[in-house]
Amino acid sequence: MIQRVAPCHGFAALGGVCVALGAGHLVFAGGGVATLLEFALVFPLAAVGVYTAVDVARWDLSRAGEWRAVRICAAVILFFSVLAVIIWTIWWLEHHAFKFSFLVSFAASLGAAVGSRGGLYVVKADEQLTEAQELTTLLSISDRVLRHNIRTELSVALGTLDGIETVDDADELAERAGTARSHLKDLAETSDRTRRIASI
């Protein structure tokens, strides 16, 4: 089921729940300027979570990374909401009752704003770090292969050229020179390929 649902829908759902909490507070807490101001505080925060549903595509994250960002957002919303309930309970026990619905909707919406944006940054940084580590490994392997190829080609070329000064036969001399030239040419091509790989 989760394969069919896009991560952007997860962000939209989380932001939508926070908007609904704020709207529920507006409806059930009664009218008044204070309640409208409370909703005006909650709504933009929740809207950040909804906006992230649209914005997530431009972050160029893997699908697994996008889902990880959704899970981070949900965890932050849950954490902020539990924190709000604990604060409200402390105030209630000390007889400083505060509007429970506002406190929870505000905390959840703040969690949506912080979690949705922060989650994207965390996942993007992790994916870039992983990509850099994979590239470093690839370059290290390429470097080892290059050094091995250089040693091999130079060894063959130098081995072929050993004693060339003492060779009297023109055919043998031409053959040795051709073999050395061929391996040195391969070495030059390996160097060019490595330079292209490094530039990529």
Side-chain angles (χ1 to χ4, degrees), residues 1-91 98-142 197-200:
M1 177 63 181
I2 201 160
Q3 298 295 338
R4 294 185 194 144
V5 178
C8 65
H9 297 129
F11 282 116
L14 292 172
V17 165
C18 294
V19 169
L21 284 172
H25 170 68
L26 182 63
V27 169
F28 296 113
V33 174
T35 305
L36 284 173
L37 289 174
E38 290 166 352
F39 180 73
L41 186 62
V42 168
F43 181 76
L45 293 171
V48 172
V50 175
Y51 167 73
T52 302
V54 176
D55 188 50
V56 70
R58 79 171 181 85
W59 282 76
D60 193 31
L61 300 174
S62 66
R63 186 174 178 90
E66 289 176 355
W67 275 116
R68 182 170 170 234
V70 170
R71 288 191 302 275
I72 290 171
C73 180
V76 172
I77 290 171
L78 180 63
F79 175 76
F80 278 36
S81 298
V82 168
L83 187 63
V85 170
I86 292 169
I87 290 170
W88 182 84
T89 303
I90 292 168
W91 288 345
F98 196 66
K99 294 180 182 175
F100 180 75
S101 62
F102 168 68
L103 190 59
V104 170
S105 64
F106 173 73
S109 298
L110 183 60
V114 171
S116 64
R117 304 314 290 177
L120 291 176
Y121 283 106
V122 165
V123 172
K124 184 68 172 178
D126 281 353
E127 288 190 357
Q128 286 177 336
L129 178 62
T130 301
E131 186 178 316
Q133 289 169 338
E134 290 171 354
L135 182 58
T136 300
T137 301
L138 180 63
L139 287 174
S140 174
I141 291 168
S142 176
I197 290 171
S199 69
I200 290 169

| request: Walk me through it: do Phe100 and Thr89 pass the test side chain to side chain contact (heavy atoms under 4.5 Å, CB included)? | output: CA-CA 9 Å; Phe100 180 75; Thr89 303; over 6 Å; no
| task | Would you please test Asp60 and Lys124 for side chain to side chain contact (heavy atoms under 4.5 Å, CB included) and show each step? | result | CA-CA 8 Å; Asp60 193 31; Lys124 184 68 172 178; 3.9 Å; yes
| Stepwise side chain to side chain contact (heavy atoms under 4.5 Å, CB included) test for Arg68 and Asp126 | CA-CA 11 Å; Arg68 182 170 170 234; Asp126 281 353; 2.6 Å; yes
| said: Is there a side chain to side chain contact (heavy atoms under 4.5 Å, CB included) between Leu37 and Leu41? Walk through the geometry before answering. | reply: CA-CA 6 Å; Leu37 289 174; Leu41 186 62; over 6 Å; no
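The residue from Leu45, Val42, Val19 that alone fulfils the side-chain contact (heavy atoms from CB on, under 4.5 Å) condition with Ser105 is Val42.
The aromatic rings of His25 and Phe102 lie tilted to each other, with the angle between the two planes from 30° to 60°.
Distance CD/Gln133 to CD/Gln128: 12.0 Å, rounded to 0.5 Å. Here the OG-CZ distance, from Ser109 to Phe43, works out to 10.0 Å after rounding to the nearest 0.5 Å. Annotation: the span from Leu120 atom CG to Arg58 atom CZ amounts to 8.5 Å, rounded to 0.5 Å. The CG atom of Leu83 sits 11.0 Å away from atom CG of Leu78, with the distance rounded to the nearest 0.5 Å.
Closest approach of Ile77 to Cys18, counting heavy atoms only: CD1-SG, 4.2 Å. Between Trp67 and Val5, the closest heavy-atom pair is CZ2-O, 3.0 Å. Looking at every heavy atom in both residues, Val123 comes nearest to Ala69 through CG2-N, 3.8 Å. When all heavy atoms are compared, the tightest approach of Cys8 to Val56 is CB-CG1, 3.9 Å. Smallest separation of non-hydrogen atoms from Gly111 and Val76: O-CG1, 3.5 Å. Nearest heavy atom pair, residue Trp59 against residue Arg117, reads CZ2-NH2, 3.8 Å.
Taking the side-chain contact (heavy atoms from CB on, under 4.5 Å) definition, one finds that Thr130 meets it with Glu134, sequence neighbours left out.
Using a 4.5 Å heavy-atom cutoff, the side chains of Leu103 and Trp91 are in contact. At a threshold of 4.5 Å between non-hydrogen side-chain atoms, the residues Phe11 and Val50 do not count as touching.
Ser62 places a side-chain N or O within donor-acceptor distance of the main-chain N or O of Gly65, the cut-off being under 3.5 Å.
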